[in-house]
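Because the structure is a prediction, the values reported are computed rather than measured. Just so it is clear, the values below take in all heavy atoms, side chains as well, and ignore hydrogens, waters and symmetry mates. Reminder, nothing fancy here: chain letters follow the sequence lines and each chain counts from 1.
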Protein chains: 4
Amino acid sequence: MVESEESTSVLARILDAAAEEFGRVGFSGAKVDAIARRAGVNKAALYYHVGNKEKLYETVLLQLFAQVAGTLEQAAKAGPDPVAALSALASAMAGLFSRLPVLPRIMTMEMASGARTMPLAALAEFRRIFGATRDILRQGQETGVMRPANPAFVHMALVGTLVVYSLSEPLRRRFADAVQEMDVRLDAPLAEAAAFLGDLIGRGLRPDAAVGETPVNTAGTEGHGDA
Amino acid sequence: MVESEESTSVLARILDAAAEEFGRVGFSGAKVDAIARRAGVNKAALYYHVGNKEKLYETVLLQLFAQVAGTLEQAAKAGPDPVAALSALASAMAGLFSRLPVLPRIMTMEMASGARTMPLAALAEFRRIFGATRDILRQGQETGVMRPANPAFVHMALVGTLVVYSLSEPLRRRFADAVQEMDVRLDAPLAEAAAFLGDLIGRGLRPDAAVGETPVNTAGTEGHGDA
Amino acid sequence: MVESEESTSVLARILDAAAEEFGRVGFSGAKVDAIARRAGVNKAALYYHVGNKEKLYETVLLQLFAQVAGTLEQAAKAGPDPVAALSALASAMAGLFSRLPVLPRIMTMEMASGARTMPLAALAEFRRIFGATRDILRQGQETGVMRPANPAFVHMALVGTLVVYSLSEPLRRRFADAVQEMDVRLDAPLAEAAAFLGDLIGRGLRPDAAVGETPVNTAGTEGHGDA
Amino acid sequence: MVESEESTSVLARILDAAAEEFGRVGFSGAKVDAIARRAGVNKAALYYHVGNKEKLYETVLLQLFAQVAGTLEQAAKAGPDPVAALSALASAMAGLFSRLPVLPRIMTMEMASGARTMPLAALAEFRRIFGATRDILRQGQETGVMRPANPAFVHMALVGTLVVYSLSEPLRRRFADAVQEMDVRLDAPLAEAAAFLGDLIGRGLRPDAAVGETPVNTAGTEGHGDA
DNA sequence: GATGAATGAGGGTTCATTCAT
DNA sequence: TATGAATGAACCCTCATTCAT
């Protein structure tokens, strides 16, 4: 395993290039030729290192999943306050997606294709991912600041929203002007969406018991433009 | 839908088959051969009717978009209560996705590929789609039952969540057993998720002025990073 | 045979369109679709009138050949002076090619493809075509103003030159500027070329014995190439 | 040409096969399949080496043009006598066409199609080709053995005739018997035609001044070609 | 006679993969 | 290990031709 001195290992370069390409055009749209070129290696060399296209895809997938799991876990145990932890989760996810825009793209493409390729090894990562949300909710309930909820739902509300928001960026950017006059801001950054989302879900999960009011009509009254 | 099974117009049959195929494997993964076979027409006939693969895709996309827009609009004006309307929106969307599982798949794949193919004609549908959420929020604020929020965010929270939840079905089903012991129910039906989501967002959008109860996180959006 | 009142017969329109198309891209390059469109008739109608592509081609060919033969014959018997007749032949050919630029194109394409399609019916036209030149030469010899020569050679010198000159027009036009500084005028009109050619061949066919003048082979002192 | 029969470079074999095929049926009639088979290579290999059909055609064209140019140049500078050089030019051309019967076919087909494909790189060859004839004529005039004439005309008379004569071989052969009784020998070899042609043009270009007789038709030619 | 729709047989091109060096 | 070259299996698309109306 004597790697070339001056740069990242060949395999790492291949994986990066592959992630980029898979994220751009999906599995069947990706061309091994393009990946090899992007990685700066010969096509035959790629096969020597990776085996074949399918295996390459699996490897990329696993690597990305591990990153997601790690990030979520990290964020989940960030603080003692479950509500804050939820927001932290959203922010962490947004940060991850910003740094690795390929991630939400590959995730959804993979899901859209029926998780055809998802290797069994992904199971462990899967548990870690859902575990993060589950732990926060459990703690929230135990401390009485959250009502019970299926972690799968909350997780999807969090991650699903951010995934689609991130994913839709080109589309939103393209139509941003067209809906401007509708008071819809399509080009807000992902971090802002995450902040809003963390807050929204935090509020939405408050226990009913809170009291019985919800004193309608005091704050909102005027328009929408302000904060 | 209206015509008798086998007398459906050729073009309609082609479009249905294409939606199915595109939804299953994406644009580049779809094979015109397969679409033609599935539609029960000769491949050359398909080209005679549709032009080429790209055009076929665009047509499918437009048709699906129109359905989404129609459904959302319908649901949005369902009742006078904005909060209920929001839930109705979620339910309608869930119903649509259940009947047309191909829809969320194609939508995300299209977005994931950078909205490469989205025809300009989709613009109108796009406005209708965002308009539905926007109208509800506006009304909610005007009647004082909701605080201001960027409709794009709320829309994404609603649709994005349902899309990913629907999308992830095969994956969730596959790993359902594996996380059962974690108190995470991965196999809840989409409608249930929609109900939860409508409720969650409705609560989350309640005006801050909810007096002094539910003391959590009253600061709104500014307090998320820490405790 | 009741033709449409307001225009040329359908078949004539088809033949014209076909000639145009065949001349532009050759037999295999021509598309029946394009011919039908150009002729303003339905594709199936074209088949009804013509049979198939091959037959259409043969018909066009025969029609064009007949025009060439007629023109040459006409020109050949134009006057009593063989030398003038030769020039007349060249001019007539040039005129024909100018009016029907498709003619030289189809002629050469047909020859280039090994006269694959040339129908036997073309034989008669063929004899008329060569007959014209042959008659002039024979008369020239009999009146002593021309030396003997294989009519096939002379014919080729005449027609071949004009065919290629006509054919090369787009090419010459394209490179005209590039060779201007070389004292080569590539854009001279076909008629001018014909005039030059008639003259050139007329001179070239003068009998050696043309008395003692036309200092055959004396001026060039070192004349090795000729007789 | 230099390498041993079967070890010829793959690309060379492809180009040869392509020239043969293009010459036989033209660009659109040629099938890549057939070319690959004839060259003894896999179709994909052909694409690997050449890019696509169009590029293949261009390459073939350029190669052929270069051969023509080289041959003409060589012949043009063969001797000091312009009249002899003209004959040498004709002979060289005939020799080239005999060895490469594909050449006149491709040349005319290309011209007939409007020089659609002629790459700009052909420009240089083009200049060399016309330059040969031009140089001979210029020298002929300077030494007083030729009258002024547009080199383009002379060149066409020379090359055009030989091209069509060569091209028409199958046709001539097919109808040779039919015109035999007409004193027209259709099956004379190309070399003979070239000899006749060289002589014919040589004579035809003799200066009028030679003596004073036979002032045929001098009007048309004097306008353009002089220096 | 005319027309929209259908169809089978390719035709050009791409692509994942392998092999010899 | 790395690389240029090769290959077979598709894949998208076209085209001459026919058929039902």
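Per the geometry, CG belonging to D:N42 stands 15 Å off C1' belonging to F:dG4, to the nearest Å. Atoms CG (A:D33) and P (F:dA5) sit 14 Å apart, rounded to a whole Å. Atom CG of A:L56 and atom P of E:dT17 are 10 Å apart (whole Å). The distance from atom CD of A:E54 to atom P of E:dC15 is 18 Å, rounded to the nearest whole Å. A:Y47 has its OH atom 16 Å from the P atom of F:dT3, to the nearest Å. Atom CZ of C:F27 is separated from atom P of F:dC15 by 14 Å (rounded to the nearest Å). As a whole-Å value, the separation of B:N52 CG from F:dC11 C1' is 14 Å. Note: NZ (A:K53) to C1' (F:dA10) measures 13 Å, nearest angstrom.
In this structure, E:dT14 and F:dA9 make a Watson-Crick or G-U wobble pair, each of the two defining distances being under 3.5 angstrom. The partner of F:dA20 is E:dT3, judged by Watson-Crick or G-U wobble contacts that both fall below 3.5 Å.
No engagement by B:A36 is indicated, since no non-hydrogen atom pair under 4.0 Å with the nucleic acid exists.
With rounding to the nearest 0.5 angstrom, the CG atom of D:L61 is 10.5 Å from the CD atom of D:E125. If you take CG on B:L167 and CE on B:M107, they are separated by 10.0 Å, rounding to the nearest 0.5 Å.
B:G29 and A:S28 get closest at one heavy-atom pair: CA-OG, 3.1 Å.
Of the candidates B:R38, B:K53, B:K43, B:K43 is the only one forming a salt bridge (charged side-chain N to carboxylate O under 4.0 Å, His left out) with B:D33.
Between B:H49 and E:dG4 there is no side-chain polar atom (N or O) within less than 4.0 angstrom of OP1 or OP2.
Counting only distance, with no hydrogens or angles, the side chain of C:S168 and the backbone of C:L171 share no donor-acceptor pair below 3.5 Å.
Minimum atom distance to the side chain of D:Y48 is reached by F:dA5, of the listed E:dA2, F:dA5, F:dA6. Comparing E:dT13, E:dT14, F:dT18 by their closest approach to the side chain of D:A44 singles out E:dT14.
In terms of position along DNA chain F, the nucleotide closest to D:G40 lies nearer the 5' end than the nucleotide closest to the other residue of the pair C:A30 and D:G40. For A:K31 and C:K43, each mapped to the nucleotide of DNA chain E holding its nearest heavy atom, the one lying further toward the 5' end belongs to C:K43. Nearest-nucleotide positions on DNA chain E place C:A45 closer to the 5' end than the other of C:A45 and A:S28.
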